Amino acid sequence: MKTKPRSVGWLGSRSKMSVLGLKLGAWSLVILFGILYVLPLGSWVGLVLDERSFDMNWPLFSSVAWRTLWLSALSSLLCLAGALPLALLWRLGGRAERTTMLAAMGIPLIMGFLARNWSWIGLLTSKKRWQSFGTQLVGLDQWLYTHVSVVVVMSFVFVPIAFFILVQRLRSLTQIQIDAARTLGLSDFRIILGLLLPVSIRACVHSGTIVFALATTFFITPQMLGGGRCDFITNLLLSKLNDGDFSTASIIGLTFLILVTICMVPLVYAGVKLGHGSAR
Amino acid sequence: MRESSLATDLLAERCKATMHILRDSERDTLRNPGIRITLWLASAIPLAAVIMPCLYLFLWAFWGTATVGITNSTPSLQWFSQVARSQDWRDALWYSTWIGILVSASGTFAVTIHSYSAHFFGRSVAVWTQFCVLLPYLIPGVVFGLSLRLVGPQLGAPESILLFAGHLAFVLPIQYFIVENAQERVSRDMLFAGNTLGAGHSINYIHVYLPVIRPTILNSFVIGFFLSFDELVIAAMVLGRADVTVAKKLWDQATKHNTPEPAVIAVLLFVTYGVGLASITGFGMFKKSRNRKIAI
């Protein structure tokens with residue numbers, strides 16, 4: 001039986017320094033993030049709010065921001081649609097299916113985002129049809145350097161990340177619960193509908209939130225597959241930085257941060273609400 | 001006698017935990033072949049779309065030319081030798097490797113210290129920690145990179161420190177969730193038993209806690225290393241022209257030429273991971289067979 005004490009930091013501690021050390025250890029990640037993350041970010045926000053001279057093209061920013069948000073949302077939805085059957089197969093399948101899924105999703109993460117984006121350019125521009133692995137057969141090459149190729153490639157690039165987050169959440173449904181459902185006479189279809197899908201919906205909200213946040217900040221695919229016609233906010237920001245215009249880059253960054261935070265609030269709220277619903 | 005029975009109890013508990021995980025993970029739940037086929041059909045397109053670029057990288061690395069999309073008829077190692085002979089590439093590989101090892105080791109250490117200590121405290125620690133670790137993935141990474149770029153020089157921090165800080169902030173959340181998931185194998189009673197019997201926290205951490213989560217520590221380190229190696233957002237914001245990581249170097253050349261260096265780096269990473277995994281698995285199997293022989 002697992003015990004859950006409120007605080008037994010005194011156990012094993014021979015002195016007050018030892019208790020203090022244990023407390024520091026417990027809060028170490030919070031302290032680390034405070035120093036590494038919150039401090040620079042907070043200082044930067046302070047610098048930006050003091051900024052008076054910047055050259056901001058608000059119509060350009062609005063159109064690029066809108067494009068970033070809706071293309072990221074679309075990519076996230078497509079990504080989830082692709083990752084969910086993979087995660088369900090992992091959860092319900094046997095050892096062979098699990099090993100296949102883990103290998104198939106792990107290898108792309110090892111090989112890297114940048115290389116895979118390059119690879120998509122190669123697939124879509126390959127002179128030999130067989131080397132396109134069927135992408136030219138479905139006509140995807142005609143959409144190179146357009147919004148379509150950006151959305152499609154971003155969706156598939158993020159599928160491994162969404163898969164691992166979904167799998168993480170689906171693990172909360174134990175084999176004992178599935179066995180109990182089967183003992184009560186439920187078929188595979190009813191088990192998926194009644195047990196897995198509710199957990200999957202919660203998992204999809206969490207996964208979708210993370211993937212959306214990653215997609216908004218992505219600049220590799222929009223630049224490489226967009227051909228300059230589909231730049232995201234990050235591309236705009238990078239170009240300002242490369243020009244040495246730090247003030248405008250900071251204003252762009254802060255405004256975009258506020259926009260993304262507003263978009264994330266309903267997602268985070270939904271995730272928390274669904275999490276509390278599952279606890280009941 | 002008391003110590004040996006305690007040791008036996010601890011061993012029995014570890015066996016039970018392992019068996020529970022094996023039972024849970026290896027059981028094939030699907031009985032209806034129609035459902036299985038449907039799931040496989042639904043998974044076919046995303047699976048193919050995820051695997052295809054990786055296969056193309058192998059094709060491009062060995063058969064590639066200076067133009068992406070055009071391949072030679074015979075394979076060659078010319079691009080591998082070009083990367084090996086280039087001082088710039090060797091410097092970038094070395095820089096990325098030691099940054100990756102440092103970031104991954106620091107992150108793994110910090111997370112294991114936290115997860116051990118958190119066993120002795122209430123839920124508020126876990127709640128605040130989860131909130132903090134999610135921040136780098138909820139707030140646009142480019143904004144954080146920008147803040148490092150602008151605030152760092154004012155603090156007098158060199159680029160390598162900023163890069164280390166940025167990478168650690170992105171790698172720590174992943175390592176945290178990996179180690180957190182392993183906590184179900186760690187019995188709080190086992191930790192408390194060690195303390196009750198007189199072990200200090202450092203002894204308890206090293207001799208009781210770490211051996212239970214040893215595979216998790218390795219997973220966390222390896223995943224942290226590859227995440228740091230491939231990280232581009234912070235590198236693009238923070239690094240100048242002098243020392244660059246592999247990801248930054250690949251990005252800088254993205255607009256200039258289409259030579260297969262990205263594929264070469266990807267294949268090298270894959271081979272490194274494969275060799276590492278095979279070595280660890282082989283060593284583990286060798287140890288098991290040796291222990292079995294000793295037991296007999």
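The shown structure was predicted, so the numbers you read here are calculated from the model rather than taken from an experiment. Numbers restart at 1 for each chain; the letters A, B, ... are given by sequence-line order, proteins then strands.
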Ser147(B) and Trp44(A): which non-hydrogen atoms are nearest, and at how many Å? CB-CB, 3.4 Å

To the closest 0.5 Å, what do you measure between OG (Ser119(A)) and CZ (Phe58(B))? 11.0 Å

Bottom line for Val260(A): the part with an atom under 4.5 Å from chain B's heavy atoms is side chain

Answer whether the closest heavy-atom distance between the side chains of Leu114(A) and Pro262(B) falls below 4.5 Å. no

Euclidean distance, Ser43(A) OG relative to Leu155(B) CG, rounded to 0.5 Å: 6.5 Å

Minimal heavy-atom distance between Ser43(B) and Leu89(A), with the atoms involved, is OG-CD2, 3.9 Å

Where do Pro140(B) and Leu257(A) come nearest, in terms of heavy atoms and distance? CD-CD1, 3.8 Å

By a 4.5 Å heavy-atom criterion (distance strictly below it), what part of Phe219(A) contacts chain B: side chain, backbone, both, or neither? both

Winner by heavy-atom pair count (cut-off under 4.5 Å) against chain A, out of Ala165(B), Ala169(B), Cys54(B): Cys54(B)

Under a plain distance cut-off of 3.5 Å, with no hydrogens placed, do Trp40(B) and Glu97(A) share a side-chain donor-acceptor pair? yes

Max heavy-atom pairs within cutoff under 4.5 Å with chain A, candidates Gly274(B), Ala48(B), Ala42(B), goes to Ala42(B)

CZ/Phe170(B): more than 12 non-hydrogen atoms of other groups inside 6.0 Å: yes

Please flag which part of Pro136(B) lies under 4.5 Å from any non-hydrogen atom of chain A: side chain, backbone, both or neither. both

Between Leu59(B) and chain A, which part of the residue has a heavy atom less than 4.5 Å away: side chain, backbone, both or neither? side chain

Nearest heavy-atom approach of Gly25(A) to Ile113(B) is CA-CG2, 3.8 Å

Which atom pairs, one a donor and one an acceptor, fall under 3.5 Å between side chains of residues 100-112 of chain A and the rest of the protein, sequence neighbours left out?
from: Thr100(A); atom 1: OG1; to: Ala96(A); atom 2: O; distance (Å): 2.6

Chain A heavy atoms under 4.5 Å from Leu57(B): which part of the residue, side chain, backbone, both or neither? both

Chain B heavy atoms under 4.5 Å from Ile220(A): which part of the residue, side chain, backbone, both or neither? both

Given a strict heavy-atom distance threshold of 4.5 Å, which part of Leu238(A) is in contact with chain B: side chain, backbone, both, or neither? side chain

Looking only at heavy atoms, the pair that brings Phe156(A) and Ile45(B) closest together is CZ-CG2, 4.4 Å

Which portion of Thr261(A) sits near chain B, non-hydrogen atoms under 4.5 angstrom: neither

Best-contacting candidate, Ala26(A), Gly122(A), Pro40(A), against chain B by heavy atom pairs under 4.5 angstrom: Ala26(A)

Honestly, the part of Leu47(A) sitting under 4.5 Å from a heavy atom of chain B is side chain

Less than 4.5 Å to any heavy atom of chain B: does that hold for the side chain of Leu41(A), its backbone, both, or neither? both

Of the listed residues (Val157(A), Leu123(A), Thr234(A)), which shares the most heavy-atom pairs with chain B below a 4.5 Å separation? Leu123(A)

To the nearest 0.5 Å, what is the distance between CG (Leu29(A)) and CD (Gln175(B))? 10.0 Å

Closest non-hydrogen contact found for Ser250(A) with Leu150(B) is OG-CD1, 3.0 Å

Go through the atoms of Ser202(B) and report whether side chain, backbone, both or neither lie under 4.5 Å from a heavy atom of chain A. neither

Distance (rounded to the nearest 0.5 Å) between Ile192(A) CD1 and Ile35(B) CD1: 4.5 Å

Among Tyr273(B), Phe229(B), Phe144(B), single out the residue with the greatest number of heavy-atom pairs under 4.5 Å to chain A. Phe144(B)

Output for pair (Ser126(A) OG, Trp60(B) CH2), nearest 0.5 Å, gives 11.5 Å

Given that the side chain runs from C-beta out, which part of Ser155(A) has a heavy atom under 4.5 Å from chain B: side chain, backbone, both or neither? neither

Is chain A contacted by the side chain of Leu268(B), its backbone, both, or neither, given a heavy-atom distance below 4.5 Å? neither

Closest-packed option against chain A by number of heavy-atom pairs under 4.5 Å, given Leu146(B), Ile70(B), Leu227(B), Thr129(B): Leu146(B)

If you count heavy-atom pairs under 4.5 Å between each of Asn204(B), Val267(B), Leu172(B) and chain A, which one has the most? Leu172(B)

Contacting moiety of Glu231(B), where chain A heavy atoms sit under 4.5 Å: neither

Check: Lys23(A) and Phe121(B) side chains under 4.5 Å, non-hydrogen atoms: yes

Greater than 12 external heavy atoms within 6.0 Å of Phe177(B)'s CZ: yes

Engaged part of Thr71(B) at the chain A interface, taking heavy atoms whose separation is under 4.5 Å: both

Atom CD1 of Ile223(B) and atom CZ of Phe164(A): how far apart are they, to the nearest 0.5 Å? 7.0 Å

Structural part of Val133(B) lying under 4.5 Å from a heavy atom of chain A: both

